[in-house]
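Hydrogens, waters and symmetry mates are skipped; everything else that's a heavy atom, side chains included, is used. Chain naming here is simple, since letters A, B, ... match the order of the sequence lines and numbering starts at 1 in each.
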Amino acid sequence: MSEELFSQRTTTCGALTRADDGSRVVLNGWVHRNRNHGAVHFINLRDRYGITQVVVDDDASKDLEEIAASLRLEFCIAVTGTVRCRPDAMINSEMATGEIEVKAERIEILSSCPALPFQIDDGTKTKEDLRLKYRYLDLRSQGMQQRMKLRHDFILSIRNYLSARDFYEIETPTLIKSTPEGARDFLVPSRHYPGKFYALPQSPQLFKQILMVGGMDKYFQIARCYRDEDARGDRQLEFTQLDLEMSFVKRDDVLTLMEGLFVHVFKEVMDHDLPPTFRRLTYAEAMNTYGTDKPDLRYDLELEDVADLAARSTFSTFKEIVGNGGFIKAIRAPKSETVDFSRKYITSLEDAAKVYGAHGLAWMKVGEHNTLAGGVSKFFEGLEGEMIERMGASDGDMILMVAHADWKRCCASLSAVRSTLARDLGLIKKGFEFCWIIDFPLFEYNEEGGFWQAAHHMFSMPQQEFLDTLESDPGSVLGDLYDLVLNGYEVASGSIRIHDVELQKRIFRICNFDDETAEQRFGFLLNAFRYSPPPHGGIAPGIDRMVMIMAEETSIHEVIAFPKNTAAVSPMDDSPSEVDQKQLDELHLVIKYPEK
RNA sequence: GAGGGUGUAGCGAAGUUGGUUAUCGCGACGGCCUGUCACGCCGUAGAUCGCGGGUUCGAGUCCCGUCACUCUCGCCA
């Protein structure tokens, strides 16, 4: 009965060195490779820590030889043997354990496996759905193992840093009240209360503010968040945030803390030196200079306003747009050795712009001696010098322009051209370029609904100088809001919060929530705020996105152990799935299927 | 909700203006091999070309529809 189930490892597959020469060891792991040379077998045995070469020599017993010959890829085995240094000529300098090998005396097959649905090796080009269906196999790959380690190291480093700075890690509930903000909620039906639902949190926003009212002073949480929206490469239904809130702080306290955190974490986890502070851009600067509120600063390619020049040109389309208060912006495409600015290429840039609402992309080529040619250049006769100087252009460059009545679409379209150019011309430098975007507008106008809504969320503090004009001119109000941007991705978002009941109610009213509705939805927050809330603020960096960028990946799926695909399905466990009628009955639910 | 891309053996791909038996690499299976490390060599099996319909003497290839995955817009405070 007490017979040993298996020979338990005495060390791992990444640990043995010359110093272990002659020692008797047991290794547990998976068959990574099995090279059979007739009388000699080489088995690469793999575990999380590395790969060690196991040798079955020609003097092996018949039994051992037969077991070695029967091994297939990914069999889980235990090897008992003796470490020996390899002959000089056989040393593999590519392997961490390449100086030694283990001469097997006994091999136990702990478990076998059938032919694999795909090969486990790094950088696999296997379709993602298949990888997700057999995620347990995919996770064995070196890439997934490294990324899970990176994610672990990242989170551990964050925990240690914040803990050392007096933060408490506090959990908040994941079954909460549905509150009408932002994204669609995931709902959980209540068994006890027919017709009532919990919601999964889109973020712990209200709870962390209430923790501040509760005197917790500094809080953080590695928090799972849920938003029922369509997926993308950099977002899915459930994701993980470092949620963080502090009492008695102003904006710069939060920004400084985060800079210190990321400088520390990047050094500790990746041995990468970040600058001690990050560049700050106002929302208006970011939009005007880069056309987006999440600019990728790994390359330049700044946008210029050329509305005044366009107005003086003979290009009636542009003149009309300017005359109607529209916007015209331009970008310089620098001369390239690798990319020919052909009509075909310009069309591809135009297509990129049109996705964001541009009607077209006007272009001109810069020639020698302040000349412009091609495209719309004939309309800019006499303005060549000014245009070229404005754009800082020179011979061989190209000037690309977007005109649009809507400022945001004008910016976004040209931003798409900017990022396409950077990619195609190979202008993207390696590295990590952080920047802060500050001074966001607090409200934006909902065209469909005909009312103002919070651009970020309704709990952010308006900047002081706008307190008197909140109601009269919501569109001009700037908030104490900040986003952290890394390599063109929004990786954190935060604000100084409102801690005054009356001010909070004013914001609700502007956002179309009358006092009664606000009380109904957010009464618990307003109630808490009656009891001497401290001034407070916080931020929430996205863990998945951060690790994705650190791992130089473009999909957060690569840094999540069990992600869902873009159709919101998990191919491994086949969720979502139907449930029993009994379960529905208990929850008082009747399914109404959509008509086809 | 909208647009683009992809779908050929277990995996990754090729497949010409529509033309005989759909090709290659990896993997699987069998055999050989004493120093490999992506071992090598020989052989074998494995494909309703996503699915349905149409055009045609003939469709992997052309057309229509549909499904799945994927990228993007919308959406995501």
Which of A38(B), C37(B), G10(B) is nearest the side chain of R33(A)? It is A38(B)
Value rounded to 0.5 Å, distance of CD1 in I496(A) from CZ in F459(A): 15.5 Å
Using the C1' atom as the reference point in each nucleotide, state the distance between A22(B) and U34(B) in Å, no decimals. 41 Å
Using the P atom on both, measure C29(B) against C39(B) and round to a whole Å. 15 Å
Only counting residues at least two apart or in another chain, list the ones meeting salt bridge (charged side-chain N to carboxylate O under 4.0 Å, His left out) with K354(A). none
Side-chain donor-acceptor pair present, D296(A), Y290(A), cut-off under 3.5 Å: no
If you measure only the distance, is there a donor-acceptor pair under 3.5 Å linking the side chains of T82(A) and E105(A)? yes
All salt bridge (charged side-chain N to carboxylate O under 4.0 Å, His left out) counterparts of R35(A), not counting sequence neighbours: none
For A454(A) and for V569(A), find the nucleotide of RNA chain B with the closest heavy atom, then tell me which residue's nucleotide is more 5'. V569(A)
Rounded to the nearest 0.5 Å, how far does CG of L27(A) lie from CZ of R46(A)? 13.5 Å
Near RNA chain B, under 4.0 Å by heavy atom, which residues of residues 405-421 of chain A? none
Just by distance, with hydrogens left out, do S495(A) and R497(A) show a side-chain donor and acceptor under 3.5 Å apart? yes
Could you give the distance separating A59(B) and U55(B) at their C1' atoms, to the nearest angstrom? 10 Å
Work out how far the C1' atom of G50(B) is from that of U8(B), and round it to whole angstrom. 10 Å
Selection: residues 96-105 of chain A, any non-hydrogen atom under 4.0 Å of RNA chain B: E101(A)
Intra- and interstrand pairs of RNA chain B - dot-bracket, Watson-Crick/G-U under 3.5 Å, | marks other strand: (((((((..((((.....[...)))).(((((.......))))).....(((((..]....))))))))))))....
Any idea which of G74(B), G35(B), C76(B) is nearest the D230(A) side chain? G74(B)
d(CD, E74(A); P, C26(B)) in whole Å: 19 Å
Any protein N or O atoms within reach of nucleotides 70-72 of chain B? Criterion: under 3.5 Å, listing atom names and distances.
unit_1 : atom_1 : unit_2  : atom_2 : d
U70(B) : OP1    : T566(A) : N      : 3.3
U70(B) : OP2    : T566(A) : N      : 3.2
U70(B) : OP2    : T566(A) : OG1    : 2.1
U70(B) : O5'    : T566(A) : OG1    : 3.2

Suppose you measure atom P in U56(B) against the same atom in C63(B); what distance do you get, rounded to whole Å? 16 Å
Considering only atom P, compute the distance from U6(B) to C37(B) and round it to an integer number of Å. 38 Å
Interatomic distance, I176(A) atom CD1 to Y198(A) atom OH [nearest 0.5 angstrom]: 12.0 Å
Which of these nucleotides, G12(B), G35(B), G27(B), is closest to any side-chain atom of L73(A)? G27(B)
Could you tell me which residues satisfy salt bridge (charged side-chain N to carboxylate O under 4.0 Å, His left out) with D480(A), sequence neighbours excluded, listed by chain and number? none
Is any side-chain N of the basic residue among R509(A) and D514(A) closer than 4.0 Å to the acidic one's carboxylate O? no
Within a strict 4.5 Å, meaning less than it, do heavy atoms of the V402(A) and L361(A) side chains meet? yes
Same-atom distance (C1') from G4(B) to A45(B), integer angstrom: 39 Å
Using whole Å, report how far OH of Y489(A) lies from C1' of C76(B). 16 Å
Quick one about Q453(A) and N446(A) (side-chain donor to acceptor, distance below 3.5 Å, no hydrogens or angles considered), yes or no? yes
Distances for protein N or O near nucleotides 40-43 of chain B N or O, under 3.5 Å:
none

Parallel, tilted or perpendicular: which fits the ring planes of F529(A) and H536(A), with parallel below 30° and perpendicular above 60°? perpendicular
OP1 or OP2 of G12(B) sitting under 4.0 Å from any side-chain N/O of K127(A)? yes
For atom NZ of K103(A), is the number of surrounding heavy atoms from other residues, nucleotides or ligands below 6.0 Å larger than 12? yes
Length of the line joining E229(A):CD and G1(B):C1', which is rounded to integer Å: 13 Å
R140(A): partners by side chain to side chain donor-acceptor pair (under 3.5 Å), with sequence neighbours left out: E74(A)
Polar pair under 3.5 Å, donor/acceptor by atom type, side chain N92(A), base C37(B): yes
Looking at R84(A) and G35(B), is any side-chain donor or acceptor paired with a base atom of the opposite kind under 3.5 Å? yes
Using the rule side-chain contact (heavy atoms from CB on, under 4.5 Å), only one of P474(A), P462(A), C511(A) pairs with L442(A); which is it? P462(A)
Decide yes or no for R86(A) and N92(A): does some side-chain heavy atom of the first lie under 4.5 Å from some side-chain heavy atom of the second? yes
Taking NZ, NE, NH1 and NH2 as the nitrogens, is one of them in E238(A) or R227(A) under 4.0 Å from a carboxylate oxygen of the other? no
Ignoring hydrogens and angles, are the base of C11(B) and the side chain of R131(A) linked by a donor-acceptor pair under 3.5 Å? no
Over 12 foreign heavy atoms within 6.0 Å of CG, D59(A): yes
Assess whether one donor atom and one acceptor atom, taken from the side chain of R235(A) and the base of C75(B), lie less than 3.5 Å apart. yes
Look at the side chain of H37(A) and decide which nucleotide, out of G1(B), C37(B), C39(B), has an atom nearest to it. C39(B)
Among residues 39-51 of chain A, which ones have heavy-atom contacts with RNA chain B below 4.0 Å? A39(A), V40(A), F42(A), N44(A)
Partner residues of R232(A) under the salt bridge (charged side-chain N to carboxylate O under 4.0 Å, His left out) criterion, sequence neighbours left out: none
Any side-chain N or O of R35(A) less than 4.0 Å from the OP1 or OP2 oxygen of U36(B)? no
N34(A) CG to C29(B) C1', straight-line distance once rounded to whole Å: 15 Å
Within residues 474-481 of chain A, those residues having any heavy atom closer than 4.0 Å to RNA chain B are none
Separation between the P atoms of U66(B) and A28(B), rounded to whole Å: 41 Å
ring-ring contact (aromatic ring centres under 6.0 Å, His included) between F42(A) and H37(A), intermediate numbers included: CA-CA 8 Å; F42(A) 298 98; H37(A) 286 251; 5.5 Å; yes
Grab the CZ-C1' distance between R184(A) and G74(B) for me, whole Å please. 11 Å
Electrostatic pair E553(A)-R545(A), nearest N-O below 4.0 angstrom: no
Any non-hydrogen side-chain atom of N44(A) less than 4.5 Å from a side-chain atom of N34(A)? no
